[in-house]
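Have a look at the structure below, then the notes.
Read the numbers this way: they start at 1 and go in the same order the structure lists the ligands and their atoms. Keep in mind that what you see is a predicted model, and the values were worked out from it rather than measured.
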Amino acid sequence: MFGFPLLPEQASAIASKVDALMLFEVGVSAFFLTMIPLAILGFCIRYRRGNRVDRSNPPTHSQSMEIIWIVGPMALSLVMYVWATRLFFEQYERVPGASRIDVVGKQWMWYVQHPEGRSETNELHVPVGRPVRLNMTSQDVIHSFYLPEFRIKQDVLPGRYTELPFTPNKVGEFNLFCAEYCGTNHSIMIGKIVVMEPEDYEAWLAEKGAGPSQADEGEKLFVQHHCAGCHRGSQTVHAPRLEGVYNKPVPIQAGDEIRFEVADEAYIRDSILLPKEKVVAGYEPIMPSYKDQISEQDLLKIIAYIKSLANREISQ
Ligand code: CUA
């Protein structure tokens with residue numbers, strides 16, 4: 001408007017929808033913000049002292065007015081509620097085939113790991129038009145991953161994985177901010193999102209620093225941390241096998257009962273750091289804890305490896 005951008009560019013599939021909702025809400029607010037002072041001003045002038053107007057029989061109540069001021073705002077609020085809720089569910093919907101990229105926030109940088117092996121700092125390269133799902137965690141305090149041109153923001157929490165799905169729809173470079181005050185250098189915890197044509201992205205993934213895939217790195221760590229000794233090969237120690245376990249329900253011994261829990265990223269992370277909390281039914285709680293021994297980046301690699309075992313048959 002007037003050559004001055006009031007809003008950032010719209011660079012994701014959801015951006016224009018978020019803007020539409022926001023403009024509607026601003027419009028409703030602006031309407032009441034204008035009408036109420038205008039009414040006050042009008043009455044002030046009309047009924048000012050000394051003005052000769054009819055002041056007899058002022059109405060004590062009006063049923064039609066009451067109905068209007070109850071039904072009107074309620075209808076408007078419901079429109080906003082339904083609209084925003086539908087948009088929220090649309091944004092967080094799990095699109096099948098979305099590529100998962102891991103993000104670790106720490107004071108004061110963003111670390112990004114692509115499953116194909118390439119990693120980067122304070123930058124995120126993604127292909128245009130393809131759905132992406134960020135799987136994020138923090139090494140220290142609460143951060144927030146904020147992409148204004150994509151109209152999305154998600155807190156990044158220590159000890160938990162949060163998700164941020166989006167589909168970029170414009171090639172270019174866009175802003176990445178940390179939107180949660182996280183210490184002295186919070187203001188420099190910024191970066192950029194580079195949206196590329198799919199072919200360029202494939203080429204970029206294969207460029208220098210590509211190294212082995214995230215899952216292969218994870219397998220190395222799996223052996224290094226002696227996980228392999230119990231969880232695969234000749235089992236001298238009794239431990240559950242991990243092939244095919246990812247995203248499947250796992251039986252957990254809870255007192256005398258057995259309950260089931262899906263082995264998602266969070267479950268696997270907990271099982272590595274707090275193995276005695278959730279012991280798989282039929283096994284002894286003998287696994288040592290790896291708390292404070294494996295970095296968040298390495299945990300994500302090990303999880304990627306266990307995930308890569310998802311479709312493998314159990315080989316005895
Ligand atoms: Cu990280 Cu602010």
Is there a side-chain contact between I190 and N122, using heavy atoms and a 4.5 Å cut-off? no
So that I can check it, does any N, O or S atom in M189 come closer than 2.8 Å to atom 1 (Cu) of ligand 1? yes
Please confirm if an N, O or S atom belonging to H143, backbone or side chain, lies less than 2.8 Å from atom 1 (Cu) of ligand 1. yes
Closest to atom 2 (Cu) of ligand 1, which N/O/S atom of E180 is it? O
H186 atom (N/O/S) at minimal separation from atom 2 (Cu) of ligand 1: ND1
Answer yes when E296 and R269 have at least one side-chain N-carboxylate O distance shorter than 4.0 Å, and no when they do not. yes
Within 6.0 Å of CD in E199, more than 12 heavy atoms from elsewhere: yes
Consider only side-chain N and O atoms of N135 and E265, and report whether a donor and an acceptor are under 3.5 Å apart. no
Check the side chains of Q107 and N185 for a donor-acceptor pair under 3.5 angstrom, ignoring hydrogens and angles. no
Has C178 got an N/O/S atom less than 2.8 Å from atom 2 (Cu) of ligand 1? yes
